[in-house]
Structures are given as C-alpha cells and as structure tokens.
Amino acid sequence: MKRILSCLIIIFTLFFTGCIESNIEPSNNIEKYFKVIVLDVGQGDSILIQTPNRKNILIDSGSNSVRESFLNKLDKNKVKDIEVLISTHPHEDHIGNMDDVIKNYNINNIYMPKVTTNTKTFISMMEEIKKKNIKIKPAKAGIKFDVDGVEFELLAPNENYYEELNNYSVVVRVKYKSRAFLFMGDAEKLSEGEILKKGYEVGADVIKLGHHGSSSSSSVQFIKKVNPKYAVISVGKDNSYGHPHRETISLLNKLRIKYFRTDEVGDIIFETDGYNLWTKK
Ligand SMILES: [Zn+2]
C-alpha cells in the first residue's frame with residue numbers, strides 16, 4: 001500500500017510539474033527576433049542572417065585562413081541548413097570557405113554574380129556546387145525574394161561587365177517590417193552611383209560598408225542617401241591595405257553615424273522585432 005501511494009505521488013508530481021513547465025514562456029524568447037550577425041572573420045566578409053523562424057541566409061564565407069573559427073561560428077549559431085547562400089564576388093576573402101559550406105550544409109539557393117576567376121578557391125567552390133547538383137541563380141539588380149516574411153532585394157550588380165572585380169559585388173537590401181539593412185560586399189563608388197541612378201530604395205538603419213571601409217567605396221552622396229543609424233566595418237587587425245581608410249572614418253564622424261569594427265569588437269549582432277533595434281557585441 002505504501003509503495004502504491006509513493007508511486008502515485010511520483011506520477012502526480014511528474015504530471016503537475018509537466019503542466020507548470022508548459023505554461024512558462026521559453027527563457028530564450030529572444031530567439032524569436034530577426035537577427036543579423038556580422039561575423040568577425042578577420043580581413044574578409046561573412047554575414048549570417050536569421051529569420052524569426054531561424055531560416056539562415058549567409059552572405060560570403062570569409063577567407064580560408066580563418067576556416068576553423070568560421071565553421072565554429074556557424075555551429076555556435078546552430079546553422080544546419082542554409083536557405084539562401086549569397087556569394088557577393090569571387091575574391092578569396094569572401095569565398096574562402098564556400099567549398100566547406102556547400103559540402104557541409106543543405107543549401108537551398110545560391111546567388112552569384114555572372115563572373116568567374118581561375119583561382120583555386122573559386123574552382124573548389126564550383127566543384128562542390130557541381131557535386132551537389134545545385135543550380136546557381138545569377139545575381140542581378142532588381143531580383144527580389146522573401147524568406148519567412150523578410151524581404152530581400154538585390155540592388156547590384158547593374159551591368160554585365162566591370163573592369164574591377166569588386167564592382168560585380170552583389171548588394172543586398174534586407175527589410176523586416178520597419179527595419180532595413182544594407183550589405184554592400186566590396187562594391188565601389190561606381191556601383192553606388194549606378195544604384196542611385198536606378199533610383200532604388202537604399203535607406204537602411206544599418207549598413208555593412210563596402211570594401212572593408214576602403215576609400216574606394218562609401219561616397220558622400222551614397223551614405224547620405226542611405227542615412228544609416230549604424231555602420232559596420234568588417235576588417236582584420238593591422239591589415240596590409242590600411243582598411244578602414246581615414247576618409248571613410250572621417251565621413252562617418254562628420255555625418256554622426258555610429259560605427260562598429262569587427263577588428264575592435266568581434267562579432268557584431270543586431271536583433272529586431274521589426275520596430276526596436278538592439279545591438280550586441
Ligand atoms: Zn573584400
């Protein structure tokens with residue numbers, strides 16, 4: 001009888017705590033927000049975008065020299081599948097780990113500008129795409145798609161041929177409710193001018209500046225039109241290019257735009273419910 005009673009108590013306790021627990025709001029409620037993480041990949045670019053339902057969009061993959069830490073960062077952010085993979089342009093500091101990304105993850109869509117190089121990195125990336133039989137979607141200005149209610153619009157490239165590989169960069173504007181983000185790749189002033197000429201909506205709360213804060217990007221007219229609250233510079237410590245350039249920093253200061261640098265603060269995280277915007281470092 002005693003045994004039956006203690007069994008009943010255990011069952012009752014289990015049932016009751018189970019009920020209570022299901023009524024508690026999950027403590028990781030913040031996971032429901034739209035999230036942008038500018039990953040610290042040294043001298044290079046990689047941006048992970050997560051929709052409120054945790055669909056992943058990855059723009060670029062950093063350079064091969066940070067392979068381990070880059071792949072760890074994807075793991076840490078619980079990336080399993082990638083809904084959209086965007087390769088802005090085929091420079092090594094942007095596509096350095098694309099082969100591993102394509103090999104290790106389920107990729108549903110790949111956008112790339114229509115330009116090729118004969119580097120080992122590029123060839124390795126193309127081989128993995130071929131192995132997985134993924135059809136590449138050519139990236140061009142004007143393309144729009146939607147992931148989980150988050151709107152994506154490609155603003156560049158606007159032309160078919162450029163002298164400078166940087167200008168093939170896919171420029172992406174991402175809008176979630178009332179908040180917008182602009183990712184410039186390594187697009188230079190020439191591409192910025194084309195975007196303005198075409199009359200695309202460029203306004204954004206956050207801009208990932210073009211070409212690691214180089215003075216070859218970020219014209220006064222363009223930055224004024226974007227009118228961002230925050231600028232992000234993805235850059236390596238003591239890089240040999242002198243990025244970010246003095247001209248870019250003084251422009252940001254003059255326009256009173258708050259900026260964050262990955263070489264100073266590491267990964268830079270933005271979260272939004274579509275109205276409020278939070279930054280974390
Ligand atoms: Zn670059």
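For ligands, and for the atoms within them, numbers begin at 1 and follow the listed sequence.
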Of all the atoms in [X], is at least one N, O or S atom closer to the Zn ion (ligand 1) than 2.8 Å?
X: H212; answer: yes
X: H94; answer: yes
X: D45; answer: no

May I ask you to decide whether [X] forms a salt bridge with [Y], counting only side-chain N to carboxylate O separations under 4.0 Å?
X: D45; Y: K208; value: yes
X: E192; Y: K189; value: no
X: D205; Y: K229; value: no
X: E151; Y: K144; value: no

Of all N, O or S atoms in D93, which has the smallest distance to the Zn ion (ligand 1)?
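For D93, the N, O or S atom at the smallest distance from the Zn ion (ligand 1) is OD2.
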Among N, O or S atoms, D186 approaches the Zn ion (ligand 1) most closely through OD2
State, without any angle test, whether S215 and H245 hold a side-chain donor-acceptor pair at a distance under 3.5 Å.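 There is such a pair between these side chains.
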